[in-house]
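Written below as structure tokens is the structure these notes are about.
For the single chain, residues carry numbers from 1 onward in sequence order.
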Amino acid sequence: MNFKRSSILKMALMGGVNGDLEKVTRESFVARAVKITLVVMLYWFISITMVFLNKYLLDSPSLKLDAPLFVTFYQCLVTVVLCKSLSLLTYVIPSHVLEFPSIRFDLKVLRTVLPLSVVFIGMITFNNLCLKYLGVAFYTVGRCLSTVFNVLLSYILLKQTTSTYALLSCGVILGGFWLGIDQEGAEGTLSWAGIFFGVLASLCVSLNAIYTKKVLPAVDGSIWRLTYYNNVNACFLFIPLLLICGEVRTLVNFDKLTVFHFWGMMTLGGIFGFAIGYVTGLQIKVTSPLTHNISGTAKACAQTVLAVVYYSQIKSALWWTSNLMVLGGSFSYTWVKGLEMKKSQEEPIQSNSNGEKNSSGV
């Protein structure tokens, strides 16, 4: 059978087009993979660096500053300044270069956000106090109960039930938490104050997630506007706390108060605290909420290993087991919730398709 010349030419052209499409697809996949890798690496770097930097500011033998509330207050102040500065920059920088919502000071919104701000203050303060007394290596275990509190508060406040598999994951986390406390006690490095603040931090993290959903409509659904108002409220609320807890007197007697290095490290801590909000949103945007949670779990594992190596610590096999249980339980819970969410999204589609089949059959 003889092909016409036009048919042969058409086949050759189609083959060339398909080859070009495959090449473009392959290049776009590689570009996306590189982008995701860079974003995840950026998230890990900022998150881990921020924890080590906060540990230095809160409990460094060379710094000798016992003012955790002031450290937290200053980081909130830096966040307020950065939010307002970026909002002003949008007037001179095109939106495709800098995308940030316009922010203005509104007393009505400030009052609406206030209940959430109280929880927010508890969350960041107890987080820092937990880090101060427990250290970086045990920090992940010390404040691991946020998942458990999510389940409890979802049932108590929202009347939402949790699946058996998710509850089993919470059981693994609780087991790792108690084993970690036992092993820290056996090594003589356990701080009950740190555990207490870690539990409170976990509770506040869960409450913060619930109340954030309620308050978001007041700021037009903008996380950055909510960040601004939360931190403005925090700055006002921290001032009486600094006076009551005697940290103003501590600062007056602090010998490095006029040292540039101290303020540089404090400001850097505030910048990293602001940046973690940005890279968290960016990681969710380029991947998914499920992948973000898995990345966070893996980051916590790497952070623990780095802390043990950096501080030249020797840990028992059971201590490492407690960390693996907490991380494994957190990963399992994230995976189970992801599957449940996917299933709940697919069910309406299946029911709609069944309804269409039934209607067409009639």
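- Exactly one residue among V119, L207, N230, L226 makes a side-chain contact (heavy atoms from CB on, under 4.5 Å) with T212. That residue is L226.
- Linking ILVMFWY residues whenever their side-chain heavy atoms come closer than 4.5 Å, directly or via other members, leaves F138 and L129 in distinct clusters.
- Side-chain contact check for Y139 and T304: no donor-acceptor pair (N or O, by modelled atom type) lies under 3.5 Å.
- The closest side-chain heavy-atom distance from W319 to N323 is below 4.5 Å.
- E340 and K337 are joined by a salt bridge, as a carboxylate oxygen and a charged side-chain nitrogen come within less than 4.0 angstrom of each other.
- Aromatic ring orientation, W335 versus F331: parallel (interplanar angle below 30°, classes split at 30° and 60°).
- Ring geometry, W224 versus F100: the interplanar angle falls from 30° to 60°, so the pair is classed tilted.
- Both L157 and V205 are members of a single hydrophobic cluster when ILVMFWY side chains are connected at heavy-atom separations under 4.5 Å.
- For the 3.5 Å distance criterion, the side chains of S322 and Q183 fail to qualify, holding no donor opposite an acceptor.
- A heavy-atom distance below 4.5 Å is not found between the side chains of V39 and Y43.
- Two residues are said to be in side-chain contact when any heavy atoms from C-beta on lie closer than 4.5 Å; Y211 and P115 fail this criterion.
- By the 4.5 Å heavy-atom criterion applied to side chains, F73 and L241 are not counted as neighbours.
- A heavy-atom distance below 4.5 Å is found between the side chains of Q75 and N54.
- No side-chain heavy atom of L242 sits under 4.5 Å from any side-chain heavy atom of L251.
- With a 4.5 Å cut-off on side-chain heavy atoms, M266 and F70 count as touching.
- Using bins of under 30°, 30° to 60° and over 60° for the plane-to-plane angle, the ring pair F197/Y133 lands in the parallel bin.
- Counting heavy atoms from C-beta outward, S202 and F126 have side chains that stay 4.5 Å or more apart.
- A cation-pi arrangement, defined by a distance under 6.0 Å to the six-membered ring centre and an angle within 45 degrees of its axis, is absent between R225 and Y229.
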